[in-house]
Amino acid sequence: MKSNTIRKVAIVGYNRIPFARANTAYSNVGNKEMMIAALDGLIDKYNLKGKLLGEVAGGAVIKHTYDNNLIRECVMKTSLDPATPACDLQQACNTGIESAVYIANKIALGQIDSGIAGGVDSISDMPIAVSEKLRKILLEARQAKSLGGKIKTFLKLSPKDFSPLVPRNEESQTGLSMGGHTEITAKYYKISREEQDQFALKSHLNMAKAYDEGFFDDMITPFNGLEKDNNLRRDSTIEKLAKLNPAFDKVNGTLTAGNSTPLTDGASCILLASEEWAKEQGLPILAYITFAEIAAIEYVKNQQNLLLAPLFAASRMLEKAELNLQDFDYYEIHEAFAAQTLATLKIWESPELSAQIGLKKPLGAIDRNKLNVKGSSLAAAHPFAATGGRIIGVMAKLLNEKGSGKGLISICAAGGQGVTMIIEK
């Protein structure tokens, strides 16, 4: 298609498998099995069997070396036309939403008419590496020309060299985990334990209500014996949350297992298309992706900043869209930690804090009754690359059910990065 016109990008469908806390329901499966299950559910739901799509994009944050062509391998295991191309993307917790931006841009430019964006992560199937010394000795032994030479090489090893290395959830620049950084954020912006626990409780209550109302019935494909997100705590109370010990700063900390997302397994995907393709296929247009913005922030010297890059993405995006922060019917802010979401809201509301962090102006307060109305990451949990697809799907369904309106999405990520998006109906 040759055109100088930017086409509208429609969200046509969504699907995911239930999210599971690490080492529970999905302890015996990996990225490939979960991603295939999410794709198969999408294909069945929207009659895509045998169809040639423009492209499938997605990825995983935690990958084995044999997952190097993960999304293409997954596509080949589904009933899509095997000529459907695919690519792997990775940008920490932004992977899912960045994959959606990638596919949306290609549709907008007329390069493709349809595509799937998604993401998957398995913490249960985390790759385990050998020590650097053992790796070097193995390579050296491989080059030895005799058995004696190999034995001589192996004798250089000590028992400690055989200890396995598990990937560590920390920033290489600082040595701190996301939780460690967010503990600093909570102290810096004076986000109390009580505020965090109340926010976490609301996420669980909102998601439980959404399940009871059937909101997720057409959004989730059961997988491996699980039908619902198993992190959801229907019986959570403020009293139970208050009893939990600090998880990162054991002495003076306010972040706990209750107001932070756990390590999680899961997969999600969304179907994007041009209006013409959707109509030809007889598929509904749920909503449109209209704007997206990515930003990064310095977080090594200013360690409280790690998960606050979406502040800048939102500011730039709203300026381009000529909208105010208050012009939205729904807000979906990824709840990596209650403290990180609450810090974002606090900075938006404060002229002093906005100026201090470097924003042109405060964006102002939002109606919190419009925020994460069906529960979000604190309740559903957070398989890194799969969160973007979950959130986009929820926002598209909310706007489609309403029949009109605008939604703002904000997702923070490791490495001091963040993506924001506007979805409209």
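Heavy-atom basis, side chains included; hydrogens, waters and symmetry copies ignored.
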> So do E276 and D113 actually touch side chain to side chain, heavy atoms under 4.5 Å?
Replying inline: no

> Side chains of Y14 and L286: closer than 4.5 Å at any heavy-atom pair?
Replying inline: yes

> So, are E73 and K77 salt-bridged, with charged N and O less than 4.0 Å apart?
Replying inline: no

>> Could you measure the distance from the CD1 atom of I62 to the CG atom of L263? Nearest 0.5 Å is fine.
In response: 8.5 Å

> Does a side chain donor of either Q90 or K63 reach within less than 3.5 Å of an acceptor in the other side chain?
Replying inline: no

> Backbone N or O of T185 within a donor-acceptor pair of the T182 side chain at under 3.5 Å?
Replying inline: no

> Is a salt bridge present between E132 and R135, judged by a nitrogen-to-oxygen distance below 4.0 Å?
Replying inline: yes

>> side chain to side chain contact (heavy atoms under 4.5 Å, CB included), that's the test. Do N28 and N224 meet it? Break it down for me.
In response: CA-CA 9 Å; N28 62 338; N224 217 45; 3.1 Å; yes

>> Run K187 and E183 through salt bridge (Lys or Arg N to Asp or Glu O under 4.0 Å) and show every step you take.
In response: CA-CA 6 Å; K187 291 182 173 71; E183 188 68 74; 3.3 Å; yes

> Mind checking whether C74 and K32 have side chains closer than 4.5 Å, heavy atoms only?
Replying inline: yes

>> Under a plain distance cut-off of 3.5 Å, with no hydrogens placed, do Y188 and N302 share a side-chain donor-acceptor pair?
In response: no

>> Looking at A257, is its backbone amide N or carbonyl O close enough to the side chain of S260 to form a donor-acceptor pair, meaning the two atoms are under 3.5 Å apart?
In response: no

> With side chains defined as the heavy atoms from C-beta onward, is the minimum distance between R7 and I107 less than 4.5 Å?
Replying inline: yes

>> I'd like to know whether Y26 forms a side chain to side chain contact (heavy atoms under 4.5 Å, CB included) with F19, so could you lay out the CA-CA distance, the side-chain angles of the two residues, the decisive distance to 0.1 Å, and finally the verdict.
In response: CA-CA 9 Å; Y26 303 157; F19 291 172; over 6 Å; no

>> Using 30° and 60° as the class boundaries, would you call the ring planes of F337 and F248 parallel, tilted or perpendicular?
In response: perpendicular

> Does any N or O in the side chain of S350 come within less than 3.5 Å of the main-chain N or O of I347, such that one atom is a donor and the other an acceptor?
Replying inline: no

> Between K397 and E332, is the closest basic N to carboxylate O distance under 4.0 Å?
Replying inline: no

> Is the shortest heavy-atom distance from the side chain of N372 to the side chain of N206 under 4.5 Å?
Replying inline: no

>> Looking at every non-hydrogen atom in both residues, tell me the closest pair between N305 and E298 and how far apart they are.
In response: ND2-O, 3.0 Å

> Are H382 and T264 close enough, and set up right, to give a side chain to side chain donor-acceptor pair (under 3.5 Å), and what steps lead you there?
Replying inline: CA-CA 6 Å; H382 174 40; T264 317; over 6 Å; no

> Of the non-hydrogen atoms in V12 and A273, which two are nearest, and what is the gap between them?
Replying inline: CG2-CB, 3.8 Å

> Quick one: does Q340's side chain have a donor or acceptor within less than 3.5 Å of a partner on G179's backbone?
Replying inline: no

> Sub-3.5 Å donor-acceptor pair from the side chain of D88 to the main-chain atoms of L70, do we have one?
Replying inline: yes

> Out of curiosity, S410 OG to H334 NE2, how far, rounded to the nearest 0.5 Å?
Replying inline: 9.5 Å

>> What verdict does the side chain to side chain donor-acceptor pair (under 3.5 Å) test give for N230 and R21, after you've listed the backbone C-alpha separation in whole Å, the side-chain angles of each residue and the deciding distance to 0.1 Å?
In response: CA-CA 7 Å; N230 71 6; R21 294 173 71 98; 5.7 Å; no

> Would R390 and S377 count as a side chain to side chain donor-acceptor pair (under 3.5 Å) if you check the C-alpha gap in whole Å, the side-chain angles of each, and the deciding distance to 0.1 Å?
Replying inline: CA-CA 9 Å; R390 177 188 66 78; S377 306; 3.0 Å; yes

> With the threshold set at 4.0 Å, does a side-chain nitrogen-carboxylate oxygen contact exist between D329 and K425?
Replying inline: no

> Of the non-hydrogen atoms in A295 and A313, which two are nearest, and what is the gap between them?
Replying inline: CB-N, 3.5 Å

> Do the side chain of D81 and the main chain of L53 share a donor and acceptor less than 3.5 angstrom apart?
Replying inline: no

>> Y330 vs V394, test: side chain to side chain contact (heavy atoms under 4.5 Å, CB included). Steps then yes/no.
In response: CA-CA 10 Å; Y330 300 106; V394 166; over 6 Å; no

> Charged N to carboxylate O under 4.0 angstrom, R234 versus D212?
Replying inline: yes

>> Return the SG to CG distance between C87 and N69, rounded to the nearest 0.5 Å.
In response: 9.5 Å

> So how far is it from I422 CD1 to E293 CD, rounded to the nearest 0.5 Å?
Replying inline: 10.0 Å

> Under the 3.5 angstrom rule, does the side chain of Y331 hit a backbone N or O of L325 as a donor-acceptor pair?
Replying inline: yes

>> Looking at Y288, I'd like to know if the NZ or CZ of K8 sits under 6.0 Å from its six-membered ring centre while staying within 45 degrees of the ring's axis.
In response: yes

>> Quick check against the 3.5 Å criterion: does N231 have a side-chain atom that pairs as donor or acceptor with the backbone of T261?
In response: no

> For the residue pair L307 and A413, what are the closest heavy atoms and their distance?
Replying inline: CD2-O, 3.5 Å

>> Determine whether L271 and L42 satisfy the following criterion, side chain to side chain contact (heavy atoms under 4.5 Å, CB included), listing intermediate values before the conclusion.
In response: CA-CA 8 Å; L271 178 61; L42 188 80; 4.1 Å; yes

> Looking at K406 and L399, what are the two nearest heavy atoms and their distance?
Replying inline: N-CD2, 3.7 Å

>> Please check if the number of heavy atoms outside E322 that lie under 6.0 Å from its CD is greater than 12.
In response: no

>> More than 12 heavy atoms of other residues, nucleotides or ligands under 6.0 Å from CD of E401: yes or no?
In response: yes

> What pair of heavy atoms forms the shortest contact from N15 to G41, and how long is it?
Replying inline: ND2-CA, 3.4 Å

>> Tell me if a side-chain donor or acceptor on R316 pairs with a main-chain N or O of I294 at a distance below 3.5 Å.
In response: yes

> Is the closest side-chain heavy-atom distance between L318 and L408 below 4.5 Å?
Replying inline: yes

> How long is the gap from CD on Q304 to CD1 on I297, to the nearest 0.5 Å?
Replying inline: 8.0 Å

> Can any side-chain N or O of D367 pair as donor or acceptor with the backbone N or O of N369 at less than 3.5 Å?
Replying inline: yes

>> Evaluate K374 against E213 for salt bridge (Lys or Arg N to Asp or Glu O under 4.0 Å), listing each step before the verdict.
In response: CA-CA 10 Å; K374 301 301 180 183; E213 294 170 346; 3.5 Å; yes

> Can you tell if the side chain of E171 reaches within under 4.5 Å of the side chain of Q303, non-hydrogen atoms only?
Replying inline: no

> Stepwise, does the side chain to side chain donor-acceptor pair (under 3.5 Å) test hold for N31 with H64?
Replying inline: CA-CA 9 Å; N31 286 333; H64 288 276; over 6 Å; no

>> To the nearest 0.5 Å, what is the distance between OG on S354 and CD on E349?
In response: 9.5 Å

> Tell me, do T84 and I116 make a side-chain contact under 4.5 Å, heavy atoms counted?
Replying inline: no

